[in-house]
Number of protein chains: 2
Amino acid sequence: MTTRQATKAATVEGDLCCASVVEAPLSEPEAVELARVLAALADPVRLRLLSLVAAQDEVCSCDLEGPLDRSQPTVSHHTKILADAGLIVGDRRGRWTWWKVVPERLGALQRALGA
Amino acid sequence: MTTRQATKAATVEGDLCCASVVEAPLSEPEAVELARVLAALADPVRLRLLSLVAAQDEVCSCDLEGPLDRSQPTVSHHTKILADAGLIVGDRRGRWTWWKVVPERLGALQRALGA
DNA sequence: CTGCTAGATTGAAGTTCGTCGATCAGCAGC
DNA sequence: GCTGCTGATCGACGAACTTCAATCTAGCAG
């Protein structure tokens with residue numbers, strides 16, 4: 001498997017689709033799943049990380065430590081959390097891991113907060 | 001002041017408007033502010049609370065303890081967090097506090113994640 | 001095979017968060 | 001006044017989170 005995160009992203013599976021927060025009564029499992037994805041975004045470092053990846057379409061982990069001003073293990077930790085939430089996917093090519101955003105996932109989140 | 005949370009909501013002020021996460025490089029202060037609002041939503045209990053309030057347009061605190069299966073102090077804690085994030089506003093009338101959602105705030109959040 | 005490098009994992013320290021019991025503040029009715 | 005009820009605040013405890021140093025894994029070059 002080239003994309004190491006593939007299996008993990010798969011565990012996310014859910015569309016968190018269906019009903020939006022303001023329209024649905026929102027069941028407990030739905031709330032837990034949605035909260036999980038929101039929690040992945042609810043961190044300044046990860047928000048900046050995501051916008052950095054989005055800005056360049058594909059970014060190497062090593063190019064994140066500088067702009068984020070965080071150590072290599074910390075950056076790795078945050079990329080993993082975003083990847084587990086399905087918001088980014090990583091592709092390991094050679095010695096480097098390249099990250100890109102998953103627009104559909106962001107769109108689903110957007111819809112979940114929907115008006 | 002009838003609406004006790006008015007001043008607190010004011011401290012939020014920000015539109016978290018401007019650029020979306022995927023379009024902007026996202027400055028540190030912007031990331032912190034956006035993360036603050038997202039963190040308010042990144043909890044299953046608060047998501048269900050929000051959807052309960054949204055479903056009935058206006059809800060009394062005492063009608064939340066049951067459905068949320070949490071103690072009164074805990075419910076009060078969560079309403080405060082959502083109110084501080086500007087996502088709901090509370091209006092104290094007599095012995096009861098009535099909560100309603102702030103759709104504009106949710107919309108702003110939605111746009112911040114915007115495609 | 002040996003060394004070098006990029007990234008993931010582990011372990012620990014410090015902080016923040018969710019929860020509830022107990023208490024405090026304010027309103028309504030007697 | 002006093003009593004009862006709703007909701008906010010305080011204090012404490014356990015769980016989860018962020019961070020980094022140290023270590024481990026894996027690919028590339030010689």
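Here the structure is a predicted model, which is why all the values come from computation and not from measurement. Just so we're on the same page: letters track the sequence lines, and every chain starts at 1.
- Between the P atom of dC5(D) and the CZ atom of R92(B) lies a distance of 16 Å, rounded to the nearest Å.
- Under a 3.5 Å cut-off, the side chain of R111(A) and the backbone N or O of S20(A) do not form any donor-acceptor pair.
- A distance-only check finds no donor-acceptor pair linking the side chain of R36(A) to the backbone of D43(B) [under 3.5 Å].
- The base of dA8(D) lies close enough to the side chain of Q72(B) for a donor and an acceptor atom to sit less than 3.5 Å apart.
- No side-chain donor from either of S61(A) and W96(A) sits under 3.5 Å from a side-chain acceptor of the other.
- Linking ILVMFWY residues whenever their side-chain heavy atoms come closer than 4.5 Å, directly or via other members, leaves W98(A) and I88(A) in distinct clusters.
- We find that CG of L41(A) is positioned 16 Å from C1' of dT18(D), with the value rounded to whole Å.
- dT19(D) atom P lies 11 Å from atom CG of L49(A), rounded to whole Å.
- No donor-acceptor distance shorter than 3.5 angstrom exists from the side chain of R70(A) to the backbone of H78(A), with no hydrogens or angles considered.
- When distances run from any side-chain atom of R95(A) to the nucleotides dA8(C), dG7(D), dA6(C), the shortest one goes to dA6(C).
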Short N/O separations, protein against nucleotides 16-19 of chain C, under 3.5 angstrom:
{"unit_1": "dG18(C)", "atom_1": "OP1", "unit_2": "D43(B)", "atom_2": "OD2", "d": "3.3"}
{"unit_1": "dG18(C)", "atom_1": "OP1", "unit_2": "R46(B)", "atom_2": "NH1", "d": "3.4"}
{"unit_1": "dG18(C)", "atom_1": "OP1", "unit_2": "R46(B)", "atom_2": "NH2", "d": "2.9"}
{"unit_1": "dG18(C)", "atom_1": "OP2", "unit_2": "R46(B)", "atom_2": "NH1", "d": "3.4"}
{"unit_1": "dT19(C)", "atom_1": "OP1", "unit_2": "R70(B)", "atom_2": "NE", "d": "2.8"}
{"unit_1": "dT19(C)", "atom_1": "OP1", "unit_2": "R70(B)", "atom_2": "NH2", "d": "2.9"}
{"unit_1": "dT19(C)", "atom_1": "OP2", "unit_2": "H78(B)", "atom_2": "NE2", "d": "2.5"}

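- The stretch residues 57-68 of chain B has no heavy atom under 4.0 angstrom from DNA chain C at all.
- Remark: the backbone N or O of C62(B) is not paired with any side-chain donor or acceptor of E65(B) at under 3.5 angstrom.
- In this model, no donor atom of one side chain and acceptor atom of the other lie less than 3.5 Å apart for S76(B) and T79(B).
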Would you mind writing out the side-chain donor-acceptor pairs for residues 49-59 of chain A within the sub-3.5 Å range, not counting sequence neighbours?
{"unit_1": "S51(A)", "atom_1": "OG", "unit_2": "R48(A)", "atom_2": "O", "d": "3.0"}
{"unit_1": "S51(A)", "atom_1": "OG", "unit_2": "P25(B)", "atom_2": "O", "d": "2.9"}
{"unit_1": "E58(A)", "atom_1": "OE1", "unit_2": "R93(A)", "atom_2": "NH2", "d": "3.2"}
{"unit_1": "E58(A)", "atom_1": "OE2", "unit_2": "R93(A)", "atom_2": "NH2", "d": "3.4"}

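- Atom C1' of nucleotide dG7(D) and atom NZ of K80(B) are separated by 13 Å, given to the nearest angstrom.
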